[in-house]
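All chains are named by letter (A, B, ...) in the order of the sequence lines, taking the proteins before the strands, and each is independently numbered beginning at 1.
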Amino acid sequence: MVVLIDSNNFYVSVERAFQPYLKNVAGCVMSNGDGCAIALSNEAKQLGIKRGTPFFELRDMLNQGKVWWRSSNYTLYQDMMRRITKIIKRSFPDQEIYSIDECFCDVSGHRYENLEDKGVELRARILKWVGVPVGIGIAPNRTLAKIANKLSKNTETGVFMMDTPAKIEEGLKATEIDDVWGIGPRYAIKLIQEGVYTAWDFIQLPEDYVLKLMTIQGRRTYRELKGEKCMPMEYDRPDKQAIATARSFRGFERELPPMEEALANYVANAALKLRSQRSVCAKIFVYAHTSRFAVITDRYSAGQEIKLEVATNDTALLIKEAVRALRMIFVKGYRYQKVGIELKELKPENQVQSSLFDRVDAGKNEKMQKALRAIDGMNAVYGKDTVRYAVMGYEKKWFMKQEYLSRKFTTRLEDIIVVKAV
DNA sequence: TCTGGGGTCCTAGGACCC
DNA sequence: TCTGGGGTCCTAGGACCC
């Protein structure tokens, strides 16, 4: 059996854990840049607010005090998840942290007297120790555990176990096709056109038909819904194959220099992630575009890929190439909304192949690696960007809005003291 | 005025090889 | 009339996830 622990409205629940006066009142957490709502409390859902609703459409409700809101605070959410997984591990040691608010546990290697009771106990402990409510789904595989988890939110205990064919059938019949894990909006439309409304309808289709319509990933979902176990646990997260950083500007940018400054910051951010998994990248992709809601004649979108002569994780080299790429695609006259960088073709740094015509001499490269390690070390101690490249700028006028950011209650010393004092 | 960000996997089709 | 066959690698784009 597989156990899935998934937090309810996670970001909202975390904000409430530290600001109890937000409980029982409709509220939401905004996307980066405070652009739209990405997490909603149940009360907010009842008011008809949807995930993705833009901020300006909510303004009236916010002004009337009907709904509270916070900027997203990922540092805080990540740390809270770290605490939750630690607690889970005491109950179910074989865990895979799947996302910022979900954790799969494989319990097939263990014998438990009563798995459902064990789940109820775990749920209570997380609520008591961390203050975040979770739902727990238990089923023979991941896809079914997802369904059980969803159904757990309507039970009194917050735990739902699908361990018999009858319970599975009941669960599948209660699950609309677009709520099935692995079936996104595109396939859902196609399936509904075929008269497939629920997960149960879906598994009545012939397998060949599913394969043709939805490729092998669709077939995997199909087989899992039928009870087969097709997705192995991934206990150790593999290294990333691509690293991307992009943000919308605070307003719009029309000129190249501030866009270069923003891009340099994103590159530095991505390069740091690259080094932290001890990788180098062989290719970069830089893109810039206007708002997709602009009238069509004011819309522009372009990207430029650059293949690097030698794979690297040196921030300075990457910034130089990224800025070069941006200058190739920049066209004056548009109101740019976003610029971004993707680092691609990653490989371990000890497998770098030097170019036959390498212009970077090895000694210099070794020195640069030492310098980068020193910079990363200083920034880890004294704060992000304490030591930085001049092109990254100081004022950051383009930096995204975070008008109502909660404090980093658990990770910043002064905030921890404030909480204790309260 | 204003609409998020960061990933993965799969497939079709083109380029190229012998 | 009819114009080989078998394979690999790469990439763009589409689908999905949170």
With the criterion being N/O to N/O and under 3.5 Å, what pairs connect the protein with nucleotides 9-14 of chain C, and how long is each?
none

What pattern of brackets, bars and dots sums up DNA chain B from 5' to 3', given Watson-Crick or G-U wobble pairs under 3.5 Å, [ ] for crossing pairs and | for another strand? ....||||||||||||||

Does dG4(B) have OP1 or OP2 under 4.0 Å away from a side-chain N or O of Q337(A)? yes

Count the heavy atoms belonging to other residues, nucleotides or ligands that lie under 6.0 Å from OH of Y394(A), then report whether that count exceeds 12. no

Do other residues, nucleotides or ligands put more than 12 heavy atoms under 6.0 Å from the NZ atom of K338(A)? yes

May I ask you to decide whether R220(A) forms a salt bridge with E228(A), counting only side-chain N to carboxylate O separations under 4.0 Å? no

In terms of heavy-atom contacts, does OH of Y235(A) have more than 12 from other residues, nucleotides or ligands at under 6.0 Å? yes

Start at the 5' end of DNA chain B and walk down; is the nucleotide closest to I216(A) or to R247(A) reached first? R247(A)

Under a 4.5 Å cut-off applied to non-hydrogen side-chain atoms, are I138(A) and D163(A) in contact? no

Taking the minimum atom-to-atom distance to the side chain of S248(A), which one of dG6(B), dC18(C), dG4(B) wins? dG4(B)

Only one of Q277(A), Q369(A), R275(A), K273(A) forms a side chain to side chain donor-acceptor pair (under 3.5 Å) with N313(A), so which one is it? Q369(A)

Is there a salt bridge (charged side-chain N to carboxylate O under 4.0 Å, His left out) between K50(A) and E57(A)? Walk through the geometry before answering. CA-CA 11 Å; K50(A) 298 261 183 303; E57(A) 283 179 20; over 6 Å; no

Side chain of C36(A) - closest among dT3(B), dG6(B), dC16(C): dT3(B)

For K273(A) and dG5(B), is the shortest distance between a side-chain N/O and OP1 or OP2 below 4.0 Å? no

Anything under 30° is parallel, anything over 60° is perpendicular, the rest tilted; go ahead and classify Y98(A) against F104(A). perpendicular

Closest to side chain of F252(A), choosing from dG4(B), dC2(B), dG6(B): dC2(B)

Looking across every strand, which nucleic acid part, if any, lies under 4.0 Å from G182(A) by heavy atom: base, sugar-phosphate, or nothing? sugar-phosphate

Hey, does Q241(A) reach any base, or is it just sugar-phosphate, or nothing, if we go heavy atoms under 4.0 Å? sugar-phosphate

Tell me whether the count of non-hydrogen atoms from other residues, nucleotides or ligands lying under 6.0 Å of NZ in K240(A) goes above 12. no

Give the rounded distance in Å between these two atoms: CG of D34(A) and C1' of dG5(B). 14 Å

Looking at D239(A) and R278(A), is there a salt bridge between them, counting it only when a charged N and a carboxylate O are closer than 4.0 Å? no

Nearest to the side chain of I38(A), which nucleotide is it out of dT8(B), dC18(C), dG4(B)? dG4(B)

Below 4.0 angstrom from OP1 or OP2 of dC2(B), is there any side-chain N or O of S291(A)? no

Report which part of the nucleic acid D101(A) touches: base, sugar-phosphate, or nothing (heavy-atom distance under 4.0 Å, all strands). sugar-phosphate

Residues from residues 50-85 of chain A lying under 4.0 Å of DNA chain B - heavy atoms: R51(A), P54(A), F56(A), R59(A), Y74(A)

Using a 4.0 Å heavy-atom cut-off, does V29(A) contact any base of the nucleic acid, only the sugar-phosphate backbone, or nothing at all? nothing

By nearest-nucleotide position on DNA chain B, the 5'-leaning member of D239(A) and G251(A) is G251(A)

dG4(B) and dC17(C): how far apart are their C1' atoms, nearest whole angstrom? 15 Å

OP1 or OP2 of dC16(C) less than 4.0 angstrom from a side-chain nitrogen or oxygen of R220(A), does that happen here? no

Between K401(A) and dC2(B), is there a contact of a side-chain N or O with OP1 or OP2 at under 4.0 Å? no

With stacking defined as ring centroids separated by under 5.5 Å and planes differing by under 30°, is F293(A) stacked against dT3(B)? yes

side-chain hydrogen bond (donor to acceptor under 3.5 Å, both in side chains) assessment of T411(A) paired with D79(A): CA-CA 7 Å; T411(A) 53; D79(A) 188 61; 5.8 Å; no

Side chain of K338(A), heavy atoms from C-beta onward: which of dG6(B), dG5(B), dC17(C) has the nearest atom to it? dG5(B)

What do the steps show when you test W68(A) against Q19(A) for side-chain contact (heavy atoms from CB on, under 4.5 Å), and what is the final call? CA-CA 11 Å; W68(A) 58 263; Q19(A) 302 154 88; over 6 Å; no

Here the distance between atom C1' of dT1(B) and atom CZ of F249(A), to the nearest Å, is 17 Å

Has the side chain of E261(A) got a donor or acceptor atom that lies under 3.5 Å from a matching backbone atom of G393(A)? no

